[in-house]
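None of the values given here were measured: they were computed from a predicted structure. Just the heavy atoms: all of them, side chains too, but no hydrogens, waters or symmetry mates, feed the values below.
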Amino acid sequence: MKKNFGKILACTGAAAMLTVSVLSGCSALGSAPTVAAETTTAAESTEAENETSAEETTGEETMAEAESNEASDGGSRLDEILARGYIEVATEPYFAPNEFIDPAKQGDDKYVGSDIELAHYIADKLGVECRIIPLEFDAVLTGITDGKYDLAISALAYTPARAEAMEMSIGYRFGEITQYGLLIRQEDAETIKSADDLADKVVVCQAGSLQELFATQQIPAMQELKRTSSSNDAYLTVQEEKADAAVVAKETAQLYVDANPEGKLMVVPDFAFETDESTQGTRIGITKGETALLNKVNEILEELVPTGQYDEWYEEYSEYARSLGL
């Protein structure tokens with residue numbers, strides 16, 4: 001599977017008021033000093049120049065301080081979004097029911113799922129257009145850490161490394177505790193029952209995902225770890241006998257197994273990787289330092305999550321994905 005709250009517009013508003021005030025003062029400081037008579041002495045002229053220089057220096061320092069305060073108040077991404085009238089949401093559309101493609105639809109309408117509904121919901125709350133940017137999962141992560149896109153809504157789970165690289169929203173879907181386990185071929189059910197049985201096996205996972213963290217930290221030994229760009233590719237790698245097991249989100253993998261019985265795959269029963277509370281809850285990724293946008297997104301999620309609307313979307317699109325054979 002792919003909490004802090006604060007003032008949002010108040011911070012940027014205060015910075016803006018301070019900037020306006022400073023700009024007005026700067027304009028006044030830039031005008032020439034008033035001269036009483038043409039016979040002003042050299043000493044008086046020098047004194048006037050020194051006073052003007054000191055005032056200009058003070059003005060420059062005030063401007064620098066205002067700019068610093070504006071930056072510390074959380075950047076300007078939220079203001080940019082509101083000014084341009086649209087928000088760009090990066091997602092990897094191969095992770096049903098969160099985000100996937102309906103091949104019967106065209107254009108942006110083909111991107112569907114509970115996360116896609118959430119993206120449009122946030123855009124509506126901001127009063128802007130929602131633009132979905134489909135990418136491979138690694139590109140979703142780097143696109144946010146590099147500031148190329150506004151939000152990453154792509155079944156993101158919390159990891160310490162991810163939290164270092166980007167801002168992460170509060171969780172918006174918890175449900176039952178998400179479990180992560182192993183997807184294998186049915187023929188290997190007697191030989192692969194846990195991570196301890198992978199010492200001479202090839203394991204696959206989605207690159208950059210929480211599953212990769214479990215693979216590297218909780219599998220005692222393995223012959224090789226392969227990484228794919230999507231969860232579906234990881235499933236297919238096992239199905240095509242290019243790997244022996246995939247580290248997966250069990251609920252999502254089971255959807256694939258149920259929809260593709262000809263693949264003869266199964267989720268290993270009675271086994272799950274160890275998780276803790278910090279890994280729970282699906283989250284939204286935002287470029288580091290954009291706290292105004294983060295706080296606004298958290299404010300929207302605080303209103304939405306208690307209503308149960310996201311869970312309803314999740315169940316609706318679980319059925320939708322099954323109807324498409326995903």
N/O donor-acceptor pair under 3.5 Å between [X] side chain and [Y] backbone:
X	Y	result
Thr228	Ser230	yes
Glu167	Lys288	no
Asp150	Val89	no
Lys226	Lys242	yes
Gln206	Glu212	no
Asn298	Ser169	no
Thr91	Ile153	yes
Thr287	Ile144	yes

Please report the interatomic distance [atom1]([X]) to [atom2]([Y]), rounded to the nearest 0.5 Å.
X	Y	atom1	atom2	result
Arg77	Thr291	CZ	OG1	13.5 Å
Asn232	Thr237	CG	OG1	10.5 Å
Ile170	Glu299	CD1	CD	10.5 Å
Thr159	Arg162	OG1	CZ	4.5 Å
Leu135	Ser229	CG	OG	11.5 Å
Leu324	Asp102	CG	CG	5.0 Å

**OP:** Indicate yes or no: does Glu187 engage Lys264 in a salt bridge with an N to O separation below 4.0 Å.
**Re:**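 Salt bridge between Glu187 and Lys264, a charged N being under 4.0 Å from a carboxylate O: no.
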
Any ion pair linking Asp108 and Arg131 (charged N to carboxylate O, less than 4.0 Å)?
->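 No, Arg131 and Asp108 are not salt-bridged.
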
Inset, instruction - Examine Tyr310 together with Tyr121 and report whether their ring centres are nearer than 6.0 Å. - result: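 No - the distance between ring centres of Tyr310 and Tyr121 does not fall below the 6.0 Å cut-off.
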
* Is the Phe273 to Phe271 ring centre distance short of 6.0 Å? ->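 Ring centroids of Phe273 and Phe271 are less than 6.0 Å from each other.
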
Min side-chain heavy-atom separation [X]-[Y] under 4.5 Å:
X	Y	value
Phe214	Thr275	yes
Thr191	Asp197	no
Arg185	Asp244	yes
Tyr317	Asp115	no
Tyr172	Ile300	no
Val247	Val203	yes
Phe95	Ser154	no
Gln223	Lys201	no

Going by side chain to side chain contact (heavy atoms under 4.5 Å, CB included), Trp313 matches just one of Ile116, Asn98, Leu118. Which one?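 So the option named by the test is Leu118.
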
Taking atom [atom1] as the centre, does [X] end up with more than 12 heavy-atom neighbours from other residues, nucleotides or ligands that are less than 6.0 angstrom away?
X	atom1	value
Gln106	CD	no
Glu240	CD	yes
Glu164	CD	no
Gln239	CD	yes
Asp200	CG	yes

If I compare all heavy atoms of [X] with all of [Y], which pair ends up nearest, and what's the gap?
X	Y	answer
Lys296	Leu126	CG-CD2, 3.7 Å
Ala207	Asp138	O-OD1, 3.4 Å
Thr145	Met166	CG2-CE, 4.0 Å
Ile286	Leu294	CD1-CA, 3.5 Å
Glu315	Arg173	OE2-NH2, 4.3 Å
Ala253	Val267	CB-CG2, 4.0 Å

Q. Does Leu255 belong to the same Ile/Leu/Val/Met/Phe/Trp/Tyr cluster as Ile184, with side-chain heavy atoms less than 4.5 Å apart forming each link?
A.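 No, it is not one cluster - the side chains of Leu255 and Ile184 are not joined through contacts under 4.5 Å.
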
- prompt: Do the side chains of Val202 and Val268 join up, straight or via other hydrophobic residues, at under 4.5 Å, putting them in one cluster?
  reply: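 No; Val268 is not reachable from Val202 via cluster members.
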
**Message:** If only side-chain N and O atoms count, and only distance matters, is there a donor-acceptor pair under 3.5 Å linking Tyr180 with Gln218?
**Reply:**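 Short answer, no.
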
| With a 3.5 Å cut-off and no angle check, do the side chains of Tyr94 and Asp233 form a donor-acceptor pair? |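 Distance-only check fails for Tyr94 and Asp233.
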
Side chain to side chain contact (heavy atoms under 4.5 Å, CB included) evaluation trace for Ile81 with Tyr86: CA-CA 6 Å; Ile81 293 166; Tyr86 63 88; over 6 Å; no

